[in-house]
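Take a look at the structure below.
Owing to the predicted nature of the structure, the values given are computational and were not obtained by experimental measurement.
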Amino acid sequence: MRRFLTTTLAALALLMGVGQAAWAADTTPAPDTATDTAMPAPTEDAAPTEAGEAVAAPTATVASADALIKPTDDGPEVVTALDLEFLVHNLWILIAAFLVFIMHLGFATLESGLCQSKNTVNILFKNTMVPTIGLALYCLWGFNLMYPGDGDWLIGKWLGFAGFDGFGIPGWEKGAAHMGRDYNPSYPVYTDFLFQGMFAATAMTIVSGCVAERIKLSAFLIFTVFYVGIVYPIAGSWVWGGGALGSAKDFAGSTLVHSVGGWGGLAGIIVLGARKGKYGPNGEVRAILPSNLPLAAVGVFLLWFGWFGFNGGSVLSADPASIAYVCVTTSIAAALGGVTAGLVSWFHGKKPDLSMALNGILAGLVGITANADIASLPGAFIIGIICGLAVYFAVLLFDALKLDDPVGALSVHLVCGILGTLFCGIPGLMHDPQPFGTQLVTVLAYAAFCFPAALVFWLILKAAMGIRVSEEEEEEGLDLGEHGVSAYAIGGERH
């Protein structure tokens, strides 16, 4: 720990001095590096340290304005400013990955807080399985499928198979030998995989909220394998993997993550049907009250916190101006989304609705995700306001259509994900507006792929094994029916 702190502080000190001139030359937000094509695969390096060898822990000292002297067993070693930039870039992307990881806790607490207490264990189990299954599949083949390289033929560009580089992440059998800069001048392949892998399961957590409180656990987990293992990396390869839609703008995934999850959730809701008692015989909407609004609020603020890594890490470097700008636009959109949805619920619904205000925050975050690096600050205000309005009225629309979405995930992630992608092409909101036609084609292409794929697979599962629990189990609660335990036991009694 002492060595880590010493080296890191020295690196930061040096970068503030030596790197200031380089970074000052570009004080505008970084370009949309999240849409770059796949990085070249790493090459062979020196073998890792033999097991059992004593590893020295020298401390680095500042020798000059542009280098450090680090004592080693073989004598002093010069650590250049380039090495220190590599360290700081790598450290930031890893921290961003950790922030995205904590978002899964936010999704778990939000969903369990907005649903009935009798389904809490089931919701937490699903939200535990989603990131674990997702990360495993992304390691086995998803990463190489999503970043396939340059496909020379149409099916490769669209489906991602042409450049598939086998199973396992590049260099996974080579261990520490592939920690160097031969993969990427800013961070190693392992950092890239971890950051991208934390995104992979996020789309399925959106589906979890859409189908909550009536889905069979086994059917949900099988769908998770299909959607995270196949649909998500193929769809992601079109833009971020340099595929057929590589010219489209989606900075951190309004479409590639949030709308992908929304389309899968919409298909699930259609096939499943509404929860028992949600709609009356005359079409009236009956409220099914949330079990724990404090827990839901904790979830939203965890998600907002994690979004600093979600968007800030998508700069794909530790460039201070770009990260600061992205985090500011992200927070402005979140704030205005929450204010707008909260006030609209107060004036239109006659009472201020906490759940609407919370979903308004998330709506603003989703809406800014595609464009956080190019939105103007007034544009971020407007994006937040539009998304706050959209999420409120989308909830009412989906209820009118009898599409039962227990947590409002469609309104937040699908509707605002689409809006966020389209916002990239509106000149008044963006410093660097993209061609609107390209953005619209991207939205339509993802809808045309993700929704039918999800719908067909849900229908196959329904025919093969059934996807909905019995009425008795739904009435009793999925905690007891699926897991044989309740989330809350007070005085030895089940609650």
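The two atoms that bring Thr340 and Gly384 nearest to each other are OG1-O, 4.4 Å, heavy atoms only. Contact record, Gly313 with Ala96: CA-CB, 3.5 Å, taken as the closest heavy-atom pair. Of all heavy-atom pairs between Val260 and Cys450, the closest is CG2-SG, 3.9 Å. Ala447 and Pro452 make their closest contact through O-CD, 3.2 Å (heavy atoms, listed as atom of the first residue, atom of the second, distance). Among all heavy-atom pairs drawn from Ser218 and Met465, the shortest one is OG-CE, 3.2 Å. Across all non-hydrogen atoms, the minimal contact from Gly349 to Tyr392 is N-OH, 3.6 Å.
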Any chance you could lay out the side chain to side chain contact (heavy atoms under 4.5 Å, CB included) test for Phe393 and Leu396, step after step, and finish with the verdict? CA-CA 5 Å; Phe393 289 105; Leu396 301 183; 4.1 Å; yes
Which is it for Val326 and Thr330 under the side chain to side chain contact (heavy atoms under 4.5 Å, CB included) test, yes or no, and what are the steps along the way? CA-CA 6 Å; Val326 164; Thr330 297; 4.1 Å; yes
Chi angles and distances behind the side chain to side chain contact (heavy atoms under 4.5 Å, CB included) call for Met204, Phe223: CA-CA 9 Å; Met204 197 59 206; Phe223 185 83; 3.3 Å; yes
Please walk me through it: do Phe107 and Thr202 pass side chain to side chain contact (heavy atoms under 4.5 Å, CB included)? CA-CA 9 Å; Phe107 280 119; Thr202 303; 3.7 Å; yes
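In this structure the side chain of Tyr446 reaches within 4.5 angstrom of the side chain of Leu245, judged on heavy atoms. Looking at Phe423 and Ile368, their side chains never come closer than 4.5 Å, going by heavy atoms from C-beta outward. Using a 4.5 Å heavy-atom threshold, the side chains of Leu414 and His258 count as separate. Under the 4.5 Å side-chain criterion, counting only non-hydrogen atoms from C-beta, Lys249 is in contact with Gln439. Side-chain contact between Val315 and Tyr325 is absent, with no heavy-atom pair separated by less than 4.5 Å. The shortest distance between side-chain heavy atoms of Trp458 and Leu272 does not fall below 4.5 Å. Looking at Met146 and Tyr138, their side chains come closer than 4.5 Å, going by heavy atoms from C-beta outward. Between Trp263 and Ile418 there is a side-chain heavy-atom pair separated by less than 4.5 Å.
Remark: side-chain polar atoms of Asp479 are paired, donor with acceptor, to backbone N or O of Val121 under 3.5 angstrom. Side-chain N or O atoms of Thr329 include none that pairs as donor or acceptor with a backbone N or O of Ala380 at under 3.5 Å. A side-chain donor-acceptor contact under 3.5 Å links Asn359 to the backbone of Val407. Remark: the backbone N or O of Val328 is not paired with any side-chain donor or acceptor of Ser331 at under 3.5 angstrom. A distance-only check finds no donor-acceptor pair linking the side chain of Ser345 to the backbone of Pro352 [under 3.5 Å]. For Ser254 (side chain) and Val366 (main-chain N/O), a donor-acceptor pair under 3.5 Å exists by modelled atom type. Looking at Tyr488, its side chain never comes within 3.5 Å of a backbone N or O of Ser117 through a donor-acceptor pair. Looking at Lys278, its side chain never comes within 3.5 Å of a backbone N or O of Asp399 through a donor-acceptor pair. Side-chain N or O atoms of Asn311 include none that pairs as donor or acceptor with a backbone N or O of Trp307 at under 3.5 Å. Asn371 places a side-chain N or O within donor-acceptor distance of the main-chain N or O of Gly420, the cut-off being under 3.5 Å.
Here CZ of Phe251 is found 10.5 Å from CZ of Phe310. Values are rounded to the nearest 0.5 Å. Residue Met198 holds its CE atom at 4.0 Å from CG of Leu194, rounded to the nearest 0.5 Å. Rounded to the nearest 0.5 angstrom, Asn144 CG and Phe193 CZ are separated by 10.0 Å. Rounded to the nearest 0.5 Å, atoms OG (Ser317) and CG (Asn90) are 12.5 Å apart. Summarising the geometry, atom CG belonging to Leu419 is positioned 7.5 Å from atom CD1 belonging to Ile386; distances are rounded to the nearest 0.5 Å. With rounding to the nearest 0.5 Å, the separation of NZ in Lys351 from CH2 in Trp346 is 9.5 Å.
Within 6.0 Å of CZ in Phe308 there are more than 12 heavy atoms belonging to other residues, nucleotides or ligands. For CZ of Phe305, the number of neighbouring non-hydrogen atoms (other residues, nucleotides, ligands) closer than 6.0 Å is 12 at most. Shown here is Lys462, whose NZ atom has no more than 12 heavy atoms of other residues, nucleotides or ligands within 6.0 Å. The neighbour count for Glu284 CD, taken as heavy atoms of other residues, nucleotides or ligands under 6.0 Å away, is above 12. Environment of CZ in Phe101: sparse, with no more than 12 heavy atoms of neighbouring residues, nucleotides or ligands closer than 6.0 Å.
The six-membered or imidazole ring of Tyr147 lies near that of Phe143, with a centre-to-centre distance under 6.0 Å.
A side-chain N or O of Asn122 and one of His483 form a donor-acceptor pair less than 3.5 Å apart.
Using cut-offs of 30° and 60° on the angle between ring planes, the pair Trp240 and Phe199 is perpendicular.
Applying the side chain to side chain donor-acceptor pair (under 3.5 Å) test to every pair with at least one member in residues 203-214, sequence neighbours left out, gives these pairs: Glu111-Ser208, Gln116-Glu213, Asn119-Glu213, Lys126-Ser208, Glu213-Arg275.
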